[in-house]
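We name chains A, B, ... by the order of the sequence lines, and we start the count at 1 in each one.
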Protein chains: 2
Amino acid sequence: MSLKKLSEHLNLSQTTVSRALNGYPEVSEKTRERVQKAAQELNYSPNARAKGLATGRAHAIGHVIPVSTQHEMVNPVFGDFIAGAGSAYSKAGYEMMISLVDDQQQEKLYRDICARRNVDGIIVHGPTMNDPRIGLLTELDMPFVVHGRASNVDIPYSWLDTNNSRAFRRATDFLLDLGHRRIALLNGLEFMDYAFRRRESYASALQKRGIALDPALMQSTEMTEINGFLSASEMLSMDEPPTAFLTSSMITAIGVRRAIQAAGLEMGKDVSVITHDDDLGYLKNGHDVPIFTATRSSVRAAGVRAAELLLRLIANPTTGPQHEIIEAELIIGTSTGPAPQHP
Amino acid sequence: MSLKKLSEHLNLSQTTVSRALNGYPEVSEKTRERVQKAAQELNYSPNARAKGLATGRAHAIGHVIPVSTQHEMVNPVFGDFIAGAGSAYSKAGYEMMISLVDDQQQEKLYRDICARRNVDGIIVHGPTMNDPRIGLLTELDMPFVVHGRASNVDIPYSWLDTNNSRAFRRATDFLLDLGHRRIALLNGLEFMDYAFRRRESYASALQKRGIALDPALMQSTEMTEINGFLSASEMLSMDEPPTAFLTSSMITAIGVRRAIQAAGLEMGKDVSVITHDDDLGYLKNGHDVPIFTATRSSVRAAGVRAAELLLRLIANPTTGPQHEIIEAELIIGTSTGPAPQHP
DNA sequence: AAAGTCATTCAAAGCGCTTTGGAGATACTT
DNA sequence: AAGTATCTCCAAAGCGCTTTGAATGACTTT
């Protein structure tokens, strides 16, 4: 069913039918209703490509997901972020276009996407320090919003980020207040900007209390259950093991819990654990009482807001770069307790 | 940079430039090289919408993800499936278009997608029994591949599925061979076809050995850590608790492990656990030795193969429906052992 | 030398929509 | 009654590409 056929069927011009369906005022209400009814009945939906060509807008947003070739791993938060963003898009009548790209050929892919013009904007995932994509997209004049931030990038750009610094400072302080002095950090890969920020604020919180950093208590790996288990097991078998762990994801924390139990210790009593919790749908942190004390920030909500921000940016191209920061809540679970007293 | 500008720049017609870039033979090699060089330098990529309009092909595949409004949850395997499919698409020069839809308005969305013509094919996720989408897409004449199968749908259609029946029969038999008689099943929601199949084969394996089904040992929930923990805790406190668990996902199994430990029991000795393992990137089942005995089948690989199958279907529209079945491997970890002997 | 082939190239139509710049009909002024 | 404003509606151009059908010139063939 094309506009042409529909208009012939109605004995109207394509102009009138188009205007009737798109809500223009130069059409009588009677005609509009007649047109809408027929469109419904004949299941007419305008051809998106033709519409895009004519209007110059694709009504689609691109998400470019970096896939490191070494790890062949997709960040597990990605599914929830997409779910959030997707719901915002469908409300606004936008499509979501996803491209995977390995780190090598980022620039080419971004250039292609922009040249091909089948998205009106881009969400940049997984920013790193000095991320080159920000300069590139600015130069290519493509609206974009970064999920996260990129330290050391000094041109202005739009972003939406969890306040990782604040969250990890609070978490570290919380453990310090409980008397912990040997606090381990199981961080994500630190070329990722958020991981870099988390380490910085962990470090500064310790130093503010005059506690020297111990590199043996700081790990930076992919955030998997196994890595949490391995790192924690190793640290727990040290001469002076940590009394608390600060981890970057629920999955890592689950690995830490396993290591604690394997070492014959009790979580929340012998060893405390705080984790960041992205509030993933399939990985709820307990039901009534949270299991892990955690800094919680819904990545799904972040997806919604990032999408909305980008859509606003596209609608009003003159407004400059926008920022949004999301504060994580510190929720108290059963995984933390006072540092054990040594005789 | 448009074709028109490029051709003016080269003093050639649009026809010739288009043909040169698309590999048609009616162009001299010298001209072709000149055109390709200029296109490269000026960073020309044809406008995807215009190309699509002219050729009638979108060079994009749609993935429609069901999001149950009650649960607001995205299946965690989705990220890995997409990663697999996406890599196949980018190799073939296709885009991936993702739509989220809540169960209510499925039909309308599918009709719209087909009418709007901005995808050349669709991957159907999460088939249920009697899934109405299969009939609908067949009627709308849109190429599609189902990830999974739909029992009770009798029209032919293309699908790719893990052999869930075989996997769960083997897993159940494995536990039976170890002497277990009270085997619990923590299944996914059973309106999903794969969950239905899994239960059927679990049940038939038990019955084949003359063991009556105990409804108290069969749960069907969303596959979360919490649900695994809650179901297992409840069952372990029964008068006659199960000596083994069969779970539908690693995440559930992790919850079961927690319940076992919380009950003061040892996994692999007091209680055995077998799980299905989708081989997700961020949830590896151990490193050298698997933690859980599991039926393993990479959902990422399934994504690659489903995408390839659909692309083949689109390229050769005359071939009838195609099927692909993926066998899960049974891998032995430390979570299983002989049934404990009661005095 | 005329006719036929072949290799290159081009002008123009068409994909399905939006949008510009009227045109015709009706209602309102004076 | 003519003049003007207001409603409705339409024909046609244009978005950036592919593709058809034809033209051009060089080279063979008769």
Discussion item. With a 3.5 Å cut-off and heavy atoms only, can you find an N or O donor on one side and an acceptor on the other between the side chain of A:Thr15 and the base of C:dT18?
Written reply: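 Not at all, since no donor on one side and acceptor on the other fall under 3.5 Å apart.
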Worksheet item: Please walk me through it: do B:Glu308 and B:Lys91 pass salt bridge (Lys or Arg N to Asp or Glu O under 4.0 Å)?
Response: CA-CA 10 Å; B:Glu308 288 172 349; B:Lys91 267 186 204 124; 5.8 Å; no
Interatomic distance, [X] [atom1] vs [N] [atom2] [rounded to whole Å]:
X: A:Leu3; N: C:dG14; atom1: CG; atom2: P; value: 17 Å
X: A:Asn118; N: D:dG16; atom1: CG; atom2: P; value: 14 Å
X: B:Leu12; N: C:dA11; atom1: CG; atom2: C1'; value: 14 Å
X: B:Arg57; N: D:dG16; atom1: CZ; atom2: P; value: 24 Å
X: A:Lys30; N: D:dC7; atom1: NZ; atom2: C1'; value: 13 Å
X: A:Glu29; N: D:dC9; atom1: CD; atom2: C1'; value: 15 Å
X: A:Glu8; N: C:dG16; atom1: CD; atom2: P; value: 12 Å
X: B:Glu26; N: D:dT20; atom1: CD; atom2: P; value: 10 Å

Discussion item. Applying a 4.0 Å non-hydrogen cut-off, can you work out what A:Arg19 is touching in the nucleic acid: base, sugar-phosphate, or nothing?
Written reply: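 Contact class for A:Arg19: base.
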N/O (side chain, [X]) to phosphate O (OP1/OP2, [N]) under 4.0 Å:
X: A:Ser13; N: D:dC10; result: yes
X: A:Thr31; N: D:dT8; result: no
X: B:Thr16; N: C:dC10; result: yes
X: A:Tyr44; N: C:dG16; result: no
X: A:Ser28; N: D:dT8; result: no
X: A:Lys51; N: C:dT18; result: yes
X: A:Asn47; N: C:dC15; result: no

Fill in: Distance-only donor-acceptor check, side chains B:Thr15 and B:Ser18, under 3.5 Å
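Looking only at side-chain atoms, B:Ser18 and B:Thr15 do not form any donor-acceptor pair under 3.5 Å.
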Worksheet item: Strictly by modelled atom types, are A:Thr128 and A:Asp193 linked by a side-chain donor-acceptor pair under 3.5 Å?
Response: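 No, no side-chain donor-acceptor pair sits under 3.5 Å.
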Worksheet item: In Å and rounded to the nearest 0.5 Å, what is the CD to CG distance from B:Gln322 to B:Leu309?
Response: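 The CG atom of B:Leu309 is 6.5 Å from CD of B:Gln322, to the nearest 0.5 Å.
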Worksheet entry | Listed nucleotide nearest any side-chain atom of B:Gln14, set C:dC17, C:dC10, D:dC17 |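 Of the candidates, D:dC17 comes closest.
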Discussion item. Can you classify the ring geometry of B:Tyr282 versus A:Tyr282 as parallel (below 30°), tilted (30 to 60°) or perpendicular (above 60°)?
Written reply: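 Tilted: the ring planes of B:Tyr282 and A:Tyr282 meet at 30° to 60°.
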Discussion item. Return whichever of B:Thr55 or B:Val27 has its heavy-atom-nearest nucleotide of DNA chain C closer to the 5' end.
Written reply: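 Final value for this comparison: B:Val27.
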Discussion item. Judged by each residue's nearest nucleotide on DNA chain C, which is more toward the 5′ side, A:Ala50 or A:Tyr24?
Written reply: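 The residue whose closest nucleotide sits nearer the 5' end is A:Ala50.
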